[in-house]
Amino acid sequence: MATINFFTFKWGNKYGPEYVNRLYGSLRNNCSHNFVFTVITDNVYGIDSNINTIDYSSFDTFQYPKNQIFTREKLVLFEKFTIGKNCWLDLDILIHDNIDSLIEQDL
């Protein structure tokens with residue numbers, strides 16, 4: 001199976017880097033497939049060095065409005081990542097059980 005690309009957003013003060021690191025840890029513990037975890041953020045401070053980061057300010061403001069991030073804006077970002085499967089995760093979730101069967105489904 002190809003690499004799975006997991007993404008999340010973190011910007012502003014509502015969630016700290018511990019949320020990103022915890023989500024990454026829950027993926028590491030509950031996904032046996034090769035994956036890359038990327039956070040799109042305005043502040044990389046405190047984020048585990050094994051997590052890929054993308055500076056949110058680098059996105060074109062017209063195409064990716066910074067004052068409203070809804071499902072459409074998140075999914076449009078997948079255009080940049082065409083290799084492997086892409087999966088969007090909200091920052092405030094935790095994965096408590098193996099997710100391999102979910103990843104292996106052809107959706």
Side-chain angles (χ1 to χ4, degrees):
M1 172 174 267
T3 297
I4 299 103
N5 301 302
F6 290 104
F7 297 90
T8 195
F9 257 108
K10 183 194 100 50
W11 79 95
N13 301 351
K14 186 171 183 179
Y15 299 102
E18 67 275 7
Y19 281 82
V20 178
N21 298 336
R22 192 176 312 140
L23 181 54
Y24 173 68
S26 68
L27 277 171
R28 225 180 36 233
N29 292 333
N30 294 296
C31 178
S32 63
H33 295 285
N34 291 329
F35 71 87
V36 175
F37 184 66
T38 301
V39 60
I40 301 162
T41 185
D42 61 352
N43 184 355
V44 299
Y45 177 78
I47 294 175
D48 186 308
S49 63
N50 293 308
I51 299 171
N52 288 345
T53 59
I54 295 175
D55 181 0
Y56 185 53
S57 67
S58 68
F59 290 112
D60 174 19
T61 317
F62 177 73
Q63 190 174 2
Y64 308 104
K66 294 186 171 97
N67 60 343
Q68 58 179 16
I69 303 298
F70 300 108
T71 302
R72 180 205 165 272
E73 289 80 14
K74 292 174 184 177
L75 295 177
V76 166
L77 294 172
F78 286 164
E79 294 173 353
K80 297 180 178 287
F81 305 93
T82 57
I83 298 175
K85 282 189 172 187
N86 296 319
C87 180
W88 187 263
L89 299 171
D90 282 334
L91 188 55
D92 59 348
I93 67 165
L94 283 177
I95 300 165
H96 293 282
D97 205 355
N98 188 285
I99 61 170
D100 289 348
S101 63
L102 294 172
I103 292 168
E104 292 162 2
Q105 291 180 10
D106 287 325
L107 302 175

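All values below were derived from every heavy atom in this structure, side-chain atoms included, with hydrogens, water molecules and symmetry-related copies excluded. We number each residue from 1, following the sequence as shown.
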Heavy-atom closest pair (Gln105 atom, Lys85 atom, distance to 0.1 Å) is O-NZ, 2.7 Å
Distance (rounded to the nearest 0.5 Å) between Cys87 SG and Ile99 CD1 | 6.5 Å
Can you sort out the partners of Val36 under side-chain contact (heavy atoms from CB on, under 4.5 Å), two or more places apart, ordered by chain and number?
-> Thr3, Asn5, Thr38, Asn52
Any donor and acceptor pair, going by atom type alone, linking the side chain of Thr41 with main-chain N or O of Lys10 inside 3.5 Å?
-> yes
CG/Asp92 to OG1/Thr8 distance, rounded to the nearest 0.5 angstrom?
-> 8.5 Å
Same cluster or not: are Leu94 and Ile103 linked, directly or through other Ile, Leu, Val, Met, Phe, Trp or Tyr residues, by side-chain heavy atoms under 4.5 angstrom apart?
-> no
If you look at every heavy atom in Asp42 and Gly12, which pair is closest and at what distance?
-> OD2-N, 3.1 Å
Are Phe9 and Trp88 close enough, and set up right, to give a ring-ring contact (aromatic ring centres under 6.0 Å, His included), and what steps lead you there?
-> CA-CA 9 Å; Phe9 257 108; Trp88 187 263; 5.3 Å; yes
Verify the cluster assignment for Ile51 and Ile95: are they in a single hydrophobic cluster under the rule of side-chain heavy atoms below 4.5 Å apart?
-> yes
Could you state whether Leu89 and Ile4 fall into the same hydrophobic cluster, counting links through intermediate Ile, Leu, Val, Met, Phe, Trp or Tyr residues with side-chain heavy atoms under 4.5 angstrom apart?
-> yes
Solution key, residues 17-24 side-chain donor-acceptor pairs under 3.5 Å, sequence neighbours excluded:
residue : atom : partner : partner atom : Å
Asn21   : OD1  : Asp48   : N            : 2.8
Asn21   : ND2  : Pro17   : O            : 3.4
Asn21   : ND2  : Gly46   : O            : 2.9

Is the closest side-chain heavy-atom distance between Asn30 and Asp100 below 4.5 Å?
-> no
Rounded distance [0.5 Å steps], SG in Cys31 versus CZ in Phe37 = 11.5 Å
If you group Ile, Leu, Val, Met, Phe, Trp and Tyr by side-chain heavy-atom gaps below 4.5 Å, do Trp11 and Ile40 land in one group?
-> yes
ILVMFWY network linking Leu27 to Leu91, side-chain heavy atoms under 4.5 angstrom | yes
Heavy atoms of Phe35 and Arg28 approach each other most closely as CZ-N, 3.8 Å
